[in-house]
Amino acid sequence: MDGRDWKKFLLPYEQAVEELKVKFKTLRGELKSREEYAPIEFVTGRVKKISSVLEKAKRLSVPMDQLESGIEDIAGIRIMCQFVEDTESLAELIRSRQDMSVVYEKDYITNKKPSGYRSFHIIIEYPVQTALGMKKILAEVQIRTLAMNFWATIEHSLNYKYKEQLPVEVRARLSKAAEAAYQLDQEMSSIRGEIVASQRMFEDNSNLINRVLSNIQELYFYHRVREAAQFQLRFNEIWETEEGLSDLSADIEAAISRAKKGDNN
């Protein structure tokens, strides 16, 4: 082992993980704000521990002076999606980005591993601005459905327990569970349209409620206390049934418009 400062060695990778998490979370928020479907459910990230880096380097026979190019997943981002189709859409979004470049892809969804593991991996090159200048590093982006991630998390825990030597019975049961998870993904895809429509309806209604309450507060800003109180009472009466929210919203917006014009009628 060489005598390099391993803490400093990992700094660019830690920075990359934090920046990439923010960028993918921002992408999700932007798509939702545009009222477009967002294929991202949630994002996590991690930097490999030095012990894991060295262990992998030994396993792959990567020389110590080639760790940065030989170990591609020191920085790792994991993105969870609701549906298998979302993994494909997200991969295309990543390919089209200008702030990172795709080195290569590994499709373990179409071509699962013998263990049953499924995920879509993209190795990217990402530029990090450090105190010493710009540094391009490799990072791995794993794209999975929620079912795939659940299975992979369990497999990882068991492999850690058995030190990568899973008993035959456990391996067989894991393989069976992987197939069940995949069948669940297929079933969810078959009713994807209904699920997405239901989620959109829920979000639209939540946005409408937020707009109503914000507009009531705006009336207080214009000193329309009586009108604001009346609208609050109307909201309290209908918010559980959610019937008449659109009409209430339109009435409040009309009141705000009058307030802006200084109309006291």
Side-chain angles (χ1 to χ4, degrees), residues 1-21 24 43-80 87 91 94 100-145 148-175 177-178 181:
M1 183 185 300
D2 59 30
R4 78 181 75 188
D5 187 330
W6 292 104
K7 186 175 182 180
K8 288 182 180 178
F9 173 79
L10 290 181
L11 282 176
Y13 295 97
E14 293 170 353
Q15 182 177 335
V17 166
E18 292 307 311
E19 290 182 10
L20 288 167
K21 284 195 300 182
F24 285 119
V43 182
T44 63
R46 63 97 185 101
V47 175
K48 273 186 178 296
K49 296 179 179 179
I50 288 301
S51 58
S52 297
V53 173
L54 297 177
E55 181 182 334
K56 188 166 187 177
K58 182 179 180 180
R59 187 171 74 251
L60 300 180
S61 299
V62 176
M64 296 296 288
D65 61 348
Q66 295 179 26
L67 292 179
E68 294 178 346
S69 59
I71 308 297
E72 301 161 336
D73 63 343
I74 296 177
I77 295 294
R78 188 170 296 155
I79 305 177
M80 267 58 73
T87 65
I94 292 174
M100 61 190 74
S101 57
V102 174
V103 178
Y104 69 90
E105 303 174 0
K106 295 181 284 187
D107 184 358
Y108 295 123
I109 295 179
T110 303
N111 306 294
K112 68 176 181 178
K113 288 186 176 183
S115 64
Y117 175 87
R118 281 187 168 93
S119 184
F120 195 94
H121 294 188
I122 302 179
I123 304 300
I124 63 170
E125 187 178 64
Y126 180 73
V128 173
Q129 294 295 331
T130 72
L132 301 178
M134 192 272 285
K135 181 180 181 63
K136 291 184 178 180
I137 68 168
L138 296 177
E140 182 181 69
V141 180
Q142 298 179 349
I143 308 173
R144 304 171 176 172
T145 64
M148 292 173 193
N149 187 62
F150 173 71
W151 183 91
T153 301
I154 299 302
E155 186 210 27
H156 178 77
S157 298
L158 288 172
N159 272 319
Y160 181 81
K161 175 183 178 181
Y162 291 105
K163 301 185 185 301
E164 303 291 337
Q165 300 295 323
L166 291 177
V168 174
E169 180 187 357
V170 174
R171 192 180 300 117
R173 295 177 70 179
L174 264 179
S175 179

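Everything numeric in this text was worked out from a predicted model, so none of it was measured.
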_Assess the residue pair Val141 and Tyr126 against the criterion (side-chain contact (heavy atoms from CB on, under 4.5 Å)); give the C-alpha distance rounded to whole Å, side-chain angles, the decisive distance to 0.1 Å, and a yes or no._
CA-CA 11 Å; Val141 180; Tyr126 180 73; over 6 Å; no

*Dump the intermediate steps for side-chain contact (heavy atoms from CB on, under 4.5 Å) on Ile143 and Ile94, then the final yes or no.*
CA-CA 11 Å; Ile143 308 173; Ile94 292 174; 4.0 Å; yes

_Between CG on residue Leu10 and CD on residue Gln15, distance to nearest 0.5 Å_ = 13.0 Å

*asked:* Could you measure the distance from the CG atom of Asn149 to the CD1 atom of Ile79? Nearest 0.5 Å is fine.
replied: 12.0 Å

*How about Lys106: does its NZ atom have over 12 heavy atoms from other parts shown lying under 6.0 Å from it?*
yes

_Reported CD-to-CZ distance for the pair Glu14 and Arg46, which is rounded to 0.5 angstrom_ = 12.0 Å

*Given the rule in the side-chain contact (heavy atoms from CB on, under 4.5 Å) test, do Ile137 and Glu68 qualify, once you have shown the distances and angles that lead to the verdict?*
CA-CA 7 Å; Ile137 68 168; Glu68 294 178 346; over 6 Å; no

_Set of side-chain hydrogen bond (donor to acceptor under 3.5 Å, both in side chains) partners for Lys21, sequence neighbours left out_ = Glu18

_Just verifying a value: how many Å separate Ile124 CD1 and Lys136 NZ, rounded to the nearest 0.5 Å?_
12.5 Å

*Is the CD atom of Glu125 crowded by more than 12 outside heavy atoms at less than 6.0 Å?*
yes

*Taking atom CD of Gln129 and atom CE of Met134, what is their separation to the nearest 0.5 Å?*
6.5 Å

*Quick one: closest heavy-atom pair of Ala178 and Gly116, and the distance?*
CB-O, 3.5 Å

*asked:* Please give me the minimum heavy-atom distance between Gly76 and Val17, naming the atom from each residue.
replied: N-CG2, 4.0 Å

*Donor-acceptor pair, Arg118 side chain versus Met148 backbone, under 3.5 Å?*
no

*For the student: nearest non-hydrogen atoms of Pro12 and Val128, plus distance*: O-CG2, 3.8 Å

*Do you know the tightest heavy-atom contact between Leu138 and Ser69?*
CD1-O, 3.9 Å

*Considering residues, nucleotides and ligands other than Lys49, do more than 12 of their heavy atoms fall under 6.0 Å from its NZ?*
no

*Under the side-chain hydrogen bond (donor to acceptor under 3.5 Å, both in side chains) rule, collect the residues that match up with Ser115, sequence neighbours excluded.*
Glu155

*Rounded to the nearest 0.5 Å, how far apart are CD1 of Ile74 and CD of Glu140?*
11.5 Å

_For Val168, is there any backbone N or O sitting under 3.5 Å from a side-chain donor or acceptor partner on Arg173?_
no

*Do Thr44 and Met80 have side-chain heavy atoms sitting under 4.5 Å apart?*
yes

*asked:* Test of understanding: with side-chain hydrogen bond (donor to acceptor under 3.5 Å, both in side chains), list the residues that count as partners of Tyr13, not counting sequence neighbours.
replied: none

*asked:* Strictly distance-based, threshold 3.5 Å: is any side-chain N or O of Ser175 a donor or acceptor partner for the main-chain N or O of Arg171?
replied: no

*Measure across Ile77 and Gly45 and return the closest heavy-atom pair with its distance rounded to 0.1 Å.*
CD1-CA, 4.1 Å

*asked:* Checking the side chain of Trp151 only, and the main-chain atoms of Leu174 only, is there a donor and an acceptor separated by less than 3.5 Å?
replied: yes

*Any side-chain donor paired with an acceptor under 3.5 Å for Arg144 and Tyr117?*
yes

*Check the pair His121, Asp73 against side-chain contact (heavy atoms from CB on, under 4.5 Å), reporting the backbone distance first and the verdict last.*
CA-CA 10 Å; His121 294 188; Asp73 63 343; over 6 Å; no

